[in-house]
Asks: 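Please find one structure pasted underneath; my questions will follow.
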Amino acid sequence: MSATVSVFASPSSWIESGALDQCHQVAALPGMRHVAGMPDLHPGKGAPIGAAMTSSVLYPFLVGSDIGCGIAVFPIRLKRPVPEKLAARFPDLDVPDHSFFDEADVPAGWTDSLGTVGRGNHFAELARVGTVFDAEHAARLGLSAGDLVLIVHSGSRGLGERILRAHTEAHGAGPAADPQAYLAAHDDAVRWGSLNRRVMAARVADALGAAAEPPIVDECHNSVEVRDGLYLHRKGAARGDGRDVLVAGTRGTPSFLVAAHAGAEAGFSVAHGAGRKMSRADALRRGKVKHTVEELRRTAVGSVVVCGDRQLLFEEAPGAYKRIEQVIGDLVTHGLATRVVSTVPLVTYKTAGVPPIASRRRSGRGPQSLATTP
DNA sequence: ATGTAC
């Protein structure tokens, strides 16, 4: 007997068949009760990304390695936000800076890489509030049009990876043998991820000459919680039960802060972002034909993308993702969320550095050959 | 996604 599967996307929204297959594979796992697919649903490693999965059994692989990964929004005040000038002042978020936290406060004592952004879809972004859709709700958050915010998307780095690996080495994709022990480690990673986002916000604010303010939104989207006696796993899905959530667009399109009010069929969850439309390999191959490095670093909305890794720049191109407006439209249409404000990027920090020499060689080309012509 | 994987 298989679990139920509900996907919250309109017929016109592109959902890869491989992701739907993964939803049904997960639904067939022992103990599984329900799988809710968000409109940003896309295939992941073994399990779909953009899904809330409820079962009587705790499966660590459904959370994945980046336990506690999430998105936080911090208000910030700056005098004249010129993207090029601010981009040059961003700190190097690839390397830690231990002066921004007290080691005694760090969950699991894992101080390594605290305050660093990581790779993949992670970023730290200075953005301005664009459209205000719900003025009353925005005012409660202290936001009005034109205000600046820092948006930080990152997770638990090596800590979460270590927790999943410890489980996988003994039990593979099987259930947690000791759910309480896994949950304790998981909760550390969730706290660590949140602290990581705060440390990064403090670093960026300091470098830009502004004061660090507490986050007005901070929701993780890789986690598991006990709810009504069942395990509710979220992979690329944010808590949607009365929470405010920043649903990330792309590096070159707006994001949306929404008020989430998702019910049981949606796994009390909402989408976490635009969701990949293309695999990284496809995005790299097609992007190199379609885009120049310059247009990916200076986007259509006028923002600057700080990304020393050209391959990552193509993998993360806006065109590699679904349209965020459509994803948000699906959330609204299905009653999972309402729009509060949109945010428009000014500076998005991805990574200062280039990848290790070994991985560049494996791509078969030197960095110069990635240079594009108009 | 990841101090990656031999």
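The sequence lines fix the lettering, A, B, ..., with proteins before strands; numbering per chain opens at 1. The analysis underlying the following values was restricted to heavy atoms, covering all of them including side chains, and did not include hydrogens, waters or symmetry mates.
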Asks: Could you point out which residue of A:R276, A:H272, A:Q326 forms a side-chain hydrogen bond (donor to acceptor under 3.5 Å, both in side chains) with A:D40?
Replies: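 Exactly one option meets the side-chain hydrogen bond (donor to acceptor under 3.5 Å, both in side chains) with A:D40, and it is A:H272.
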Asks: Got a sec, which hydrophobics cluster with A:Y231, joining ILVMFWY side chains under 4.5 Å apart, including via others?
Replies: A:L58, A:V63, A:I67, A:F100, A:F101, A:V106, A:W110, A:L114, A:L159, A:I163, A:Y182, A:L183, A:V190, A:W192, A:L195, A:V199, A:V224, A:V226
Asks: Could you tell me how far apart A:E161 (CD) and B:dA5 (P) are, to the nearest whole angstrom?
Replies: 7 Å
Asks: When you compare the side chain of A:T343 with that of A:P254, does any pair of heavy atoms fall below 4.5 Å?
Replies: no
Asks: Applying side chain to side chain donor-acceptor pair (under 3.5 Å), can you list everything that pairs with A:T333, at least two apart in sequence or on another chain?
Replies: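 Checked A:T333 against side chain to side chain donor-acceptor pair (under 3.5 Å); zero matches.
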Asks: Apply salt bridge (charged side-chain N to carboxylate O under 4.0 Å, His left out) to A:E295 and list each qualifying residue two or more places apart in sequence or on a separate chain.
Replies: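 Scan of A:E295 (salt bridge (charged side-chain N to carboxylate O under 4.0 Å, His left out), adjacent residues dropped) gives none.
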Asks: Send over the distance from A:F61 CZ to B:dT2 P, rounded to a whole Å.
Replies: 20 Å
Asks: Could you state the CD-P distance from A:E315 to B:dA1, rounded to the nearest angstrom?
Replies: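 Those two atoms, CD and P, are 10 Å apart.
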Asks: Any side-chain N or O of A:R157 under 4.0 Å from OP1/OP2 of B:dT2?
Replies: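 So the side-chain polar atoms of A:R157 do come within 4.0 Å of the phosphate oxygens OP1 or OP2 of B:dT2, strictly under.
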Asks: Let's see if you get this right: which residues in residues 186-202 of chain A place a heavy atom under 4.0 Å from DNA chain B?
Replies: none
Asks: What is the distance, to the nearest angstrom, from the CG atom on A:L312 to the P atom on B:dT2?
Replies: 11 Å
Asks: Taking NE2 from A:H272 and P from B:dA1, how many angstroms apart are they, rounded to a whole number?
Replies: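 Computing the A:H272:NE2 to B:dA1:P distance gives 7 Å.
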Asks: Specify the separation, in whole Å, of atom CG of A:L164 and atom C1' of B:dT2.
Replies: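 So the two atoms are 10 Å apart, to the nearest Å.
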Asks: Measure the distance from CG on A:N222 to P on B:dA1 and round it to the nearest whole Å.
Replies: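 To the nearest whole Å, that distance equals 9 Å.
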Asks: Find which nucleotide of DNA chain B each of A:G118 and A:R165 is nearest to by heavy atoms, and output the residue with the more 5' nucleotide.
Replies: A:G118
Asks: Give the rounded distance in Å between these two atoms: CD of A:E169 and P of B:dA5.
Replies: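 To the nearest whole Å, that distance equals 9 Å.
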Asks: When all nucleic acid strands are considered with a 4.0 Å heavy-atom cut-off, which category describes A:R162: base, sugar-phosphate, or nothing?
Replies: nothing
Asks: When clusters are formed from ILVMFWY side-chain contacts under 4.5 Å, directly or step by step, what else is grouped with A:I71?
Replies: A:V73, A:F123, A:V129, A:V132, A:L141, A:L143, A:V149, A:I151, A:I216, A:V217, A:L246, A:L257, A:V340, A:V341
Asks: For A:G120, which contact category applies under a 4.0 Å heavy-atom criterion: base, sugar-phosphate, or nothing?
Replies: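 Contact class for A:G120: sugar-phosphate only.
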Asks: Mind jotting down which residue pairs meet the side chain to side chain donor-acceptor pair (under 3.5 Å) criterion with at least one end in residues 45-58 of chain A? Sequence neighbours excluded, please.
Replies: none
